[in-house]
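Taking it in order: structure first as structure tokens, then the write-up.
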Amino acid sequence: MHPPAALPAHLASAPFTVYEARAATLGSARLRAADLSTAGQLLYLPTGWEFELRGLARALSAATPGAWISHLTAATLLGLWLPSWYRGCRELHLSKPNALPPVRRDGVVGHTVLMFDDELMVWDGILISTPARTWLDLARILPLEDLVAVGD
């Protein structure tokens with residue numbers, strides 16, 4: 001058996017979607033090779049990839065049409081202050097509008113919310129909630145004292 005062909009550079013160092021793999025002309029057999037693992041439906045991780053929130057959030061957002069990064073994950077990516085109990089957490093928060101089915105992925109906390117267009121933005125290629133909307137989302141999960149600190 002031959003070793004798999006090398007991955008294109010842009011796919012070898014970060015999580016990627018099946019759509020990105022197809023655009024790079026990777027076939028199904030290449031995606032089943034031992035140097036890749038799946039990170040849930042439509043997502044692949046190169047072997048040896050070390051967890052990095054921005055890369056995984058970008059791929060997760062791209063693999064889930066109509067969804068955006070939100071809550072604690074958005075706060076982390078946007079550089080908002082968070083309490084020490086959240087630092088280092090690998091849980092990702094993803095929101096969808098009420099009209100779409102809820103998010104169901106391992107390692108992802110899904111939220112179904114009412115959202116207005118001006119509460120979303122594209123940040124570093126990631127669809128994400130704005131800082132103001134992120135603060136509003138955090139109001140449901142943080143204690144009041146921590147929420148005030150985030151707002152400061």
Side-chain angles (χ1 to χ4, degrees), residues 6-24 26 31 34-152:
L7 289 170
H10 69 286
L11 301 181
S13 60
F16 60 92
T17 68
V18 70
Y19 310 117
E20 293 167 315
R22 287 181 184 152
L26 298 181
L31 293 175
D35 65 336
L36 293 175
S37 62
T38 61
Q41 185 177 7
L42 305 176
L43 291 175
Y44 292 90
L45 301 174
T47 299
W49 175 76
E50 294 200 24
F51 182 85
E52 189 262 323
L53 185 63
R54 182 175 43 213
L56 189 54
R58 184 202 55 78
L60 179 63
S61 177
T64 317
W68 61 91
I69 301 299
S70 64
H71 293 76
L72 292 164
T73 306
T76 300
L77 291 174
L78 294 170
L80 302 178
W81 178 89
L82 286 173
S84 60
W85 55 263
Y86 184 72
R87 293 184 196 125
C89 182
R90 293 182 174 206
E91 188 175 81
L92 277 85
H93 289 256
L94 191 69
S95 289
K96 283 186 167 184
N98 292 333
L100 294 177
V103 175
R104 290 189 179 99
R105 286 183 178 270
D106 288 341
V108 176
V109 178
H111 304 275
T112 303
V113 299
L114 175 62
M115 176 68 85
F116 299 102
D117 290 339
D118 64 347
E119 295 177 319
L120 296 176
M121 64 184 197
V122 176
W123 176 86
D124 197 24
I126 302 168
L127 188 59
I128 190 170
S129 52
T130 62
R133 176 59 199 220
T134 299
W135 184 85
L136 182 64
D137 291 336
L138 294 175
R140 298 194 69 176
I141 56 179
L142 290 181
L144 180 60
E145 296 81 17
D146 290 337
L147 185 64
V148 170
V150 172
D152 283 345

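In what follows, every heavy atom counts, from backbone to side chain, and hydrogens, waters and symmetry copies are set aside.
Partners of Glu91 according to the salt bridge (Lys or Arg N to Asp or Glu O under 4.0 Å) rule, which considers only residues two or more places apart in sequence or in another chain, do not exist here. Every residue two or more places apart in sequence or in another chain was checked for a salt bridge (Lys or Arg N to Asp or Glu O under 4.0 Å) with Asp152, and none qualifies. Listed by chain and residue number, Phe51, Thr73, Thr76, Leu77, Leu92 satisfy the side-chain contact (heavy atoms from CB on, under 4.5 Å) test with Leu53 (two or more places apart in sequence, or in another chain). Among residues two or more places apart in sequence or in another chain, the side-chain contact (heavy atoms from CB on, under 4.5 Å) test is passed with Pro97 by Trp68, Leu100. Applying the side-chain contact (heavy atoms from CB on, under 4.5 Å) criterion to Leu45, with sequence neighbours excluded, gives Pro15, Ser37, Ala39, Trp49, Leu56. When the side-chain contact (heavy atoms from CB on, under 4.5 Å) test is applied to Pro143, the partners found at least two apart in sequence or on another chain are Glu145, Asp146. Asp137 meets the salt bridge (Lys or Arg N to Asp or Glu O under 4.0 Å) test with Arg133; sequence neighbours excluded. Residues meeting the salt bridge (Lys or Arg N to Asp or Glu O under 4.0 Å) test with Arg22, sequence neighbours left out: none.
Between the OG1 atom in Thr47 and the CG atom in Leu36 there is a gap of 6.0 Å [rounded to 0.5 Å]. Between Leu7 atom CG and Tyr44 atom OH the span is 12.0 Å, to the nearest 0.5 Å. Arg105 contributes atom CZ, which lies 5.0 Å from atom CG of Leu43 (distance to the nearest 0.5 angstrom). One distance of note links CH2 of Trp135 with CG of Leu78; it measures 15.5 Å at 0.5 Å rounding. Note: Ser70 OG to Glu119 CD = 11.5 Å, rounded to the nearest 0.5 Å. A distance of 12.5 Å separates CD1 of Ile128 from NE2 of His71, quoted to the nearest 0.5 Å.
Screening residues 54-64 for side chain to side chain donor-acceptor pair (under 3.5 Å) gives Glu20-Arg58, Arg54-Asp124 as the qualifying pairs, with residues at least two apart or on separate chains. A salt bridge (Lys or Arg N to Asp or Glu O under 4.0 Å) check over residues 59-86, counting only residues at least two apart or in different chains, returns nothing.
Residues Ala74 and Thr134 share a closest heavy-atom pair of CB-OG1, 3.6 Å. Across every non-hydrogen atom of Met121 and Ser129, the tightest pair is CE-O, 4.3 Å. Shown here for Ala59 and Thr17, the closest heavy-atom pair between the two residues is O-CG2, 3.5 Å. For the pair Ala21 and Phe16, the tightest heavy-atom approach, listed with the atom from each and the gap, is CB-CE1, 3.8 Å. The two residues Ile69 and Ala57 make their nearest non-hydrogen contact at CD1-O, 3.7 Å. The two residues Leu11 and Pro46 have their closest heavy-atom pair at O-CG, 3.4 Å.
Within a 6.0 Å radius of CH2 in Trp123, more than 12 heavy atoms belonging to other residues, nucleotides or ligands are found.
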Identify all side-chain donor-acceptor contacts of residues 109-118 below 3.5 Å with residues at least two apart in sequence or on another chain.
{"from": "His111", "atom 1": "NE2", "to": "His93", "atom 2": "ND1", "distance (Å)": "2.8"}

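The backbone N or O of Pro101 lies less than 3.5 Å from a partner atom in the side chain of Lys96, making a donor-acceptor pair.
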